[in-house]
Amino acid sequence: MLKTLRRTLLAVFLGALALPALAQERSITVASTTSTEQSGLFGYLLPIFTQASGITVRVVALGTGQALDVGRRGDADVLFVHDRVAETRFVTEGYGGPRHHVMFNDFVLIGPAADPAHIAGLRDTAEALRRIAAAASPFVSRGDRSGTHAAELRLWVQAGVDPVQGRGAWYREVGQGMGPALNAAAAQNAYILADRGTWLAFRNRQELKIVVEGDARLFNQYGVMLVSPQRHPSVKVVDGQRFIDWLISPAGQTAIAGYKINGEQLFFPNATQPEPVS
Amino acid sequence: MNDLGSALTTAASMVTTADPAVVQVVLLSLRVSLTAVAIAALVGLPLGALLAVAQFPGRRVMIVALNALMGLPPVVCGLLVYLLLSRSGPLGPLGLLFTPTAMVIAQAVLIAPILAALARQLLEGMWEEYSEQLRSFGAGPWRAVPTLLWDGRYALLTVLLAGFGRASAEVGAVMIVGGNIDGFTRVMTTAIALETSKGDLPLALALGMVLMAIVLTVNAAAQVLRDSSARWAG
């Protein structure tokens with residue numbers, strides 16, 4: 001009995017120690033955003049690509065700012081993010097590129113059903129933010145240099161409001177991904193800017209609902225680019241480029257359009273006809 | 001209450017159906033944390049034993065440093081390992097970042113001081129008891145180290161379990177150096193963090209229950225081994 005137990009434990013232990021079978025599979029590392037991962041898009045899209053190409057895609061989901069930093073350090077082969085201003089800077093600084101449009105969706109302003117700032121149904125995001133600030137209604141900000149955070153800060157500038165004056169009171173920076181920020185907003189009945197994809201996939205909504213949507217300023221463009229192999233020779237150029245080419249090909253674009261939650265399409269492919277940024 | 005109930009049901013169905021995705025995550029958790037404990041033990045236990053028996057300049061400083069390192073925040077440990085393993089860091093050419101190996105390294109760094117500090121404390125007591133006896137056989141401190149480690153093996157098992165507990169429960173370090181990549185570096189704790197992010201709190205809690213059940217099983221197995229071996233030896 002004892003010997004068997006010992007042998008079993010030893011076997012389990014050695015098995016645990018053994019390195020994984022040296023898989024010679026082809027793989028690339030993609031630094032992407034929490035919105036693409038947490039909305040479930042990658043879970044749907046990547047198996048289709050792997051089936052077509054034999055290349056496994058390993059996604060590290062971060063905020064856009066952090067994902068670009070991972071690219072700068074050479075720790076990813078491809079970046080799939082959504083902050084056009086920061087992406088353009090990344091390319092002009094020579095860290096990668098060229099950048100391709102892949103798809104878009106939109107941001108939505110989420111708020112409590114009670115709507116203390118009386119903004120439900122507005123189409124003008126700037127006006128909605130001004131009312132939130134005037135009413136000093138709780139507003140949760142990502143505060144994490146993500147694409148959504150950058151978009152939120154641009155919207156405050158357009159509203160002519162400096163939300164920092166509300167810091168510690170109604171303006172609450174949580175410094176976390178979209179999901180945790182939505183959890184925080186749900187717990188505090190606060191307003192929050194979210195990408196529609198994560199919102200649709202989000203489960204812990206409590207009293208939150210969409211209050212403002214459909215404003216052209218809420219447009220959210222995603223881009224993809226290869227990390228510069230000149231800067232980082234470890235970048236897997238061939239397989240990385242194959243992924244990018246597939247994403248912007250008719251096959252990839254059709255696959256993106258096919259991802260739905262409850263019948264609702266989350267991302268709209270636009271590799272060939274990118275919309276201008278206002 | 002409803003959430004707790006549905007978490008329990010989900011956890012039970014994960015265990016009974018042996019959901020392949022969950023099984024893969026569980027096995028990786030065990031592999032990473034057990035490997036980290038093994039590596040940390042190879043370094044930490046002899047170091048702890050040496051600090052228990054040997055007198056040398058700087059010994060007290062080392063003991064204080066080890067005790068302090070027991071409180072090393074996992075996120076800080078993860079960040080250090082990240083910067084070391086990043087392509088732009090000193091060990092970049094190895095290409096280990098965002099792999100299970102990177103996670104093992106981070107956890108080993110995290111728990112080696114815990115094993116060393118706890119082993120030192122434990123073996124120092126034993127050394128006080130037996131040092132006369134060991135010295136009478138002509139054993140110096142160097143010879144005493146293996147003897148002490150062997151004689152204290154049952155008590156040291158608890159030390160290893162403390163290290164395993166810390167390793168399998170931590171999320172900060174493995175999240176940073178592993179990247180929580182689906183099917184590759186996703187372990188129980190990072191999966192729990194991800195499901196919490198998605199707002200699927202019952203699923204997150206269910207995974208947490210499975211993790212606790214595994215840790216309980218490992219501890220129970222160790223206890224059985226210890227009791228039966230002690231009886232057998234005695």
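Numbered from 1 within each chain, the chains take letters A, B, ... in sequence-line order.
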Colleague: For A:Glu37 and B:Leu194: C-alpha separation, side-chain torsions, deciding distance, then whether side chain to side chain contact (heavy atoms under 4.5 Å, CB included) applies.
Modeller: CA-CA 10 Å; A:Glu37 166 91 353; B:Leu194 177 66; 4.2 Å; yes

Colleague: Are there residues of residues 106-115 of chain B that reach to under 4.5 Å of chain A by heavy atoms, and which ones?
Modeller: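 Interface residues of residues 106-115 of chain B: none, nothing closer than 4.5 Å to chain A.
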
Colleague: Any donor-acceptor pair under 3.5 Å linking the side chain of A:Asn183 with the backbone of B:Thr196?
Modeller: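 It does hold such a pair.
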
Colleague: Identify the two heavy atoms, one from A:His232 and one from B:Ser88, that lie closest to each other, and give their separation to 0.1 Å.
Modeller: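 What the structure gives for the nearest pair is CE1-OG, 3.7 Å.
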
Colleague: What part of A:Val70 lies closer than 4.5 angstrom to a heavy atom of chain B: side chain, backbone, both or neither?
Modeller: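 When you check distances to chain B, atoms from both the backbone and side chain of A:Val70 fall under 4.5 Å.
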
Colleague: Between B:Leu27, B:Asp182, B:Leu83, which has the largest tally of heavy atom pairs under 4.5 Å with chain A?
Modeller: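 Of B:Leu27, B:Asp182, B:Leu83, B:Leu83 has the most heavy-atom pairs under 4.5 Å with chain A.
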
Colleague: Listing request: all side chain to side chain donor-acceptor pair (under 3.5 Å) pairs with a residue in residues 197-215 of chain B, at least two apart in sequence or in separate chains.
Modeller: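 Found A:Arg203-B:Asp200.
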
Colleague: Please give me the minimum heavy-atom distance between A:Arg73 and B:Ser86, naming the atom from each residue.
Modeller: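 So the minimum-distance heavy-atom pair works out to NE-OG, 2.9 Å.
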
Colleague: I need the B:Glu195 CD to A:Asn204 CG distance, nearest 0.5 Å.
Modeller: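 Reported to 0.5 Å precision, the distance equals 12.5 Å.
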
Colleague: If I compare all heavy atoms of B:Tyr82 with all of A:Asp75, which pair ends up nearest, and what's the gap?
Modeller: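 That would be OH-OD2, 3.5 Å.
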
